[in-house]
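First the structure, in the form of structure tokens, and then the observations on it.
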Amino acid sequence: MAQQAAPPAADPVPDNPRPVPITVPSPRARLHQHHHLVDRRDTPRGRAWEPERARSHPEAMEGAAAAKLVTGEAGYVLEDVPHVSDYLPDLPTYPNPLQDNPAYSVVKQYFVDPDDTVSQKIVVHKGGARGNHFRRAGPRQRVYFESDEVHACIVTCGGLCPGLNTVIREIVCGLYDMYGVTKILGIQGGYKGFYARNTINLTPKCVNDIHKRGGTILGSSRGGHDTTKIVDSIQDRGINQVYVIGGDGTQRGAGVIFEEVKRRGLKVSVAGIPKTIDNDIPVIDKSFGFDTAVEEAQRAINAAHVEAVSAENGVGLVKLMGRHSGFIAHYATLASRDVDCCLIPESPFYLEGEGGLLKYIEKRLKDNGHMVIVVAEGAGQKLIAETMQSIGKDASGNELLLDVGLWLSQKINEYFKKNKMTINLKYIDPTYMIRAIPSNASDNVYCTLLAHSVVHGAMAGYTGFTIGQVNGRHCYIPFYRITERQNRVSITDRMWARLLSSTNQPSFLCNKVIAEAKKEHERAAQLLDGSPSHRKIEEKIASSKSSGKK
């Protein structure tokens with residue numbers, strides 16, 4: 001009889017042992033001894049998240065109470081996303097159909113490693129904290145839905161944006177071509193379409209050419225969110241994958257749907273694709289449709305420039321989208337190089353007196369004989385409010401903004417008429433033309449990657465998440481991270497300085513505004529350096545560390 005091999009020697013204990021996060025093994029994991037036989041969920045080792053504790057703290061911020069956190073050495077924090085096995089722990093898993101797909105057989109290491117995460121910050125200092133991370137998107141070796149059992153639905157909510165049809169098309173084609181899913185419903189008319197029972201069957205054939213059209217074939221609307229009716233409809237129809245395309249309000253609604261689905265114990269994956277033409281969603285690099293919007297804005301700016309240079313004392317005024325964030329106006333101005341002044345919501349300006357906008361326009365006309373002004377729709381609202389009343393809110397709860405373009409046109413004409421100087425002002429408002437066009441080549445590729453990544457996540461059992469690109473890598477982000485605040489142009493960084501250098505416009509900023517902007521910039525930098533995004537999350541990290549020491 002052969003002599004039994006001696007067991008390998010234990011690894012020596014390091015002088016400074018690495019902190020180990022709280023480990024909560026699932027009941028399924030305890031049933032098996034061999035790791036290669038276990039149908040494990042695709043998650044890093046150990047987690048500092050307790051569902052029972054989260055449910056016992058209803059006073060916490062929406063979403064943050066259910067934050068799944070994994071902490072590690074050097075300030076590493078993984079802000080994980082929920083999974084259907086969190087509340088249905090004994091679910092079976094299945095081999096990913098992609099492993100038998102000939103189209104993907106040439107790809108080396110196609111499946112994402114379970115421990116892969118994406119850092120929110122890539123510029124680091126020696127000895128600095130590793131900071132916040134998100135779970136990397138992509139296909140997993142094991143999935144939690146069989147192709148035949150999947151009944152998916154897609155809904156678009158809120159305003160229009162270039163690329164909506166592309167996202168719809170690629171979700172449908174991704175489910176069909178990669179996973180063999182054939183039952184996909186399109187919910188028409190936004191959230192209210194769930195309980196109004198307006199649906200269409202989506203197949204690769206019926207969505208084949210929709211990416212060449214603007215808008216959304218499903219229709220869209222604001223408001224209409226009735227959580228009970230929506231989840232009742234999902235349950236009655238047997239839907240188990242819900243893909244929600246919309247802005248921050250829509251994603252917040254998707255988070256509420258996920259919470260109700262979890263409360264009922266349904267095996268349903270709720271996944272979001274963030275949509276906003278304003279590029280005001282935080283964390284992610286940019287939103288789909290933004291490149292198309294900036295490109296199309298160039299046409300309006302070019303038209304304004306032609307009109308301005310062709311007339312005596314010509315002024316071309318272009319109003320672009322940007323309710324609270326002036327990214328479209330900012331980037332369109334930088335790309336154009338024909339703009340003499342860019343006004344955005346983040347940078348207050350004033351009209352009268354030395355250093356004011358009207359004096360600057362007068363100086364530019366005397367020097368150059370023409371001028372082009374770009375203004376975001378949310379700029380100057382405080383100035384307008386001094387002379388006009390607010391006009392309420394829309395169905396999504398957004399404030400209806402007063403038309404800064406018409407107001408500014410009137411003020412400019414009044415000023416030069418008073419000073420007996422003839423000008424020729426042309427006002428151009430391409431707002432609805434920009435958001436209704438099809439997406440360009442760059443956005444089409446981006447939409448495809450977003451759609452495929454969200455499909456991989458849903459099939460792998462992740463839920464209560466949104467998909468986004470962070471530092472060039474696609475990852476799964478908790479709903480609360482993209483709904484807690486809005487992304488805005490920083491008027492104290494180099495990109496805004498480049499714009500001021502390009503236009504030669506005055507900054508219009510007083511010392512108080514600059515100081516406040518710097519404080520906000522520093523606070524955002526601290527978040528990237530690893531500081532938790534909310535007090536409740538900070539408490540969870542502190543609790544997990546203290547439990548680990550014990």
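In this chain, residues are counted from 1 in sequence order.
Going from atom CZ of R485 over to atom NE2 of H324 covers 14.5 Å, rounded to the nearest 0.5 Å. Atom CG of residue L406 and atom NZ of residue K319 lie 7.0 Å apart, to the nearest 0.5 angstrom. Residue N444 holds its CG atom at 11.0 Å from CG of D291, rounded to the nearest 0.5 Å. Within the model, atoms CD1 of I154 and CG of L185 stand 9.5 Å from one another, a figure rounded to the nearest 0.5 Å. Atom CZ of F258 and atom CZ of F479 lie 8.5 Å apart (nearest 0.5 Å). From C447, atom SG reaches atom CD1 of I245 across 9.0 Å, with rounding to the nearest 0.5 Å.
Taking every heavy atom of both residues into account, P478 and V81 meet most closely at N-CG1, 3.6 Å. For the pair C341 and Y360, the tightest heavy-atom approach, listed with the atom from each and the gap, is CB-CE2, 3.9 Å. The nearest pair of heavy atoms linking Y480 to L69 is OH-CD2, 4.5 Å. Taking all atoms of both residues into account, the shortest heavy-atom contact from A460 to H83 is O-NE2, 2.8 Å. Here the closest heavy-atom approach between residue I491 and residue S347 is recorded as CG2-CB, 4.0 Å. Here the closest non-hydrogen pair linking K359 and G353 is CG-O, 3.3 Å.
Between H133 and Y76, the ring planes are tilted. Angles from 30° to 60° get that label. Note on ring orientation: taking the six-membered ring where Trp is involved, the planes of Y476 and Y462 are tilted (angle from 30° to 60°). In this structure, H452 and H456 have perpendicular ring planes: the angle between them is above 60°, well past the 30° mark.
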Check the pair L357, L408 against side chain to side chain contact (heavy atoms under 4.5 Å, CB included), reporting the backbone distance first and the verdict last. CA-CA 10 Å; L357 177 62; L408 194 56; 3.8 Å; yes
Worked verdict on I412 versus L358 for side chain to side chain contact (heavy atoms under 4.5 Å, CB included): CA-CA 7 Å; I412 293 172; L358 297 175; 4.1 Å; yes
Verify side chain to side chain contact (heavy atoms under 4.5 Å, CB included) between L351 and Y415, making sure each step is shown before the conclusion. CA-CA 10 Å; L351 295 177; Y415 175 81; over 6 Å; no
Residues N413, I423; criterion side chain to side chain contact (heavy atoms under 4.5 Å, CB included); working and verdict: CA-CA 8 Å; N413 280 320; I423 64 168; 3.6 Å; yes
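Side chain to side chain, D278 and S325 fail the donor-acceptor criterion of an N or O pair below 3.5 Å. Side-chain contact of D429 with T431: a donor-acceptor pair under 3.5 Å is present, judged by distance alone. When only modelled atom types and interatomic distance are considered, Q241 and Y243 share a side-chain donor-acceptor pair under 3.5 Å. Remark: the Y427 side chain and the D403 side chain contain an N/O donor-acceptor pair separated by less than 3.5 Å. At a cut-off of 3.5 Å, with distance as the only test, no side-chain donor of R130 or S119 sits close to an acceptor on the other residue.
Using modelled atom types, no side-chain atom of D280 and backbone atom of Q486 make a donor-acceptor pair closer than 3.5 Å. Looking only at distances, no side-chain donor or acceptor of R435 sits under 3.5 Å from a matching main-chain atom of M433. Without hydrogens or angle criteria, T503 side chain to V339 main chain gives no donor-acceptor distance under 3.5 Å. Side chain of D443 to main chain of G289: a donor-acceptor pair is present (N/O by atom type, distance under 3.5 Å, no hydrogens or angles). Remark: side-chain polar atoms of Q298 are paired, donor with acceptor, to backbone N or O of A332 under 3.5 angstrom. Proximity of a side-chain donor or acceptor of D340 to a complementary backbone N or O of Q505 within less than 3.5 Å is not detected. When atom types are taken as modelled, the side chain of S409 and the backbone of G405 share a donor-acceptor pair closer than 3.5 angstrom. Remark: the backbone N or O of G219 is paired with a side-chain donor or acceptor of T156 at under 3.5 angstrom. When atom types are taken as modelled, the side chain of Y191 and the backbone of V155 share no donor-acceptor pair closer than 3.5 angstrom. The backbone N or O of N313 lies less than 3.5 Å from no partner atom in the side chain of N424, so there is not a single donor-acceptor pair.
Put simply, the side chain of V167 does not reach to within 4.5 Å of the side chain of V454, judged on heavy atoms. When side chains are defined from C-beta on, V242 counts as touching C153, because their heavy atoms get closer than 4.5 Å. By the 4.5 Å heavy-atom criterion applied to side chains, I217 and Q188 are not counted as neighbours. Counting only heavy atoms from C-beta outward, the side chains of S490 and W496 never approach each other to under 4.5 Å. Counting heavy atoms from C-beta outward, I284 and T466 have side chains that stay 4.5 Å or more apart. Contact annotation: the side chain of T250 never approaches that of K275 to less than 4.5 Å [non-hydrogen atoms, C-beta and beyond]. You'll find the side chain of F416 reaches within 4.5 Å of the side chain of L365, heavy atoms only. Counting heavy atoms from C-beta on, the side chains of L320 and P430 come closer than 4.5 Å.
For E260, the salt bridge (charged side-chain N to carboxylate O under 4.0 Å, His left out) partners are R263, R264, not counting sequence neighbours.
A cation-pi arrangement is absent between K286 and Y331 under the rule of less than 6.0 angstrom and at most 45 degrees off the ring axis.
Shown are D113, T117, D116; of these, the side-chain hydrogen bond (donor to acceptor under 3.5 Å, both in side chains) with R136 is made only by D116.
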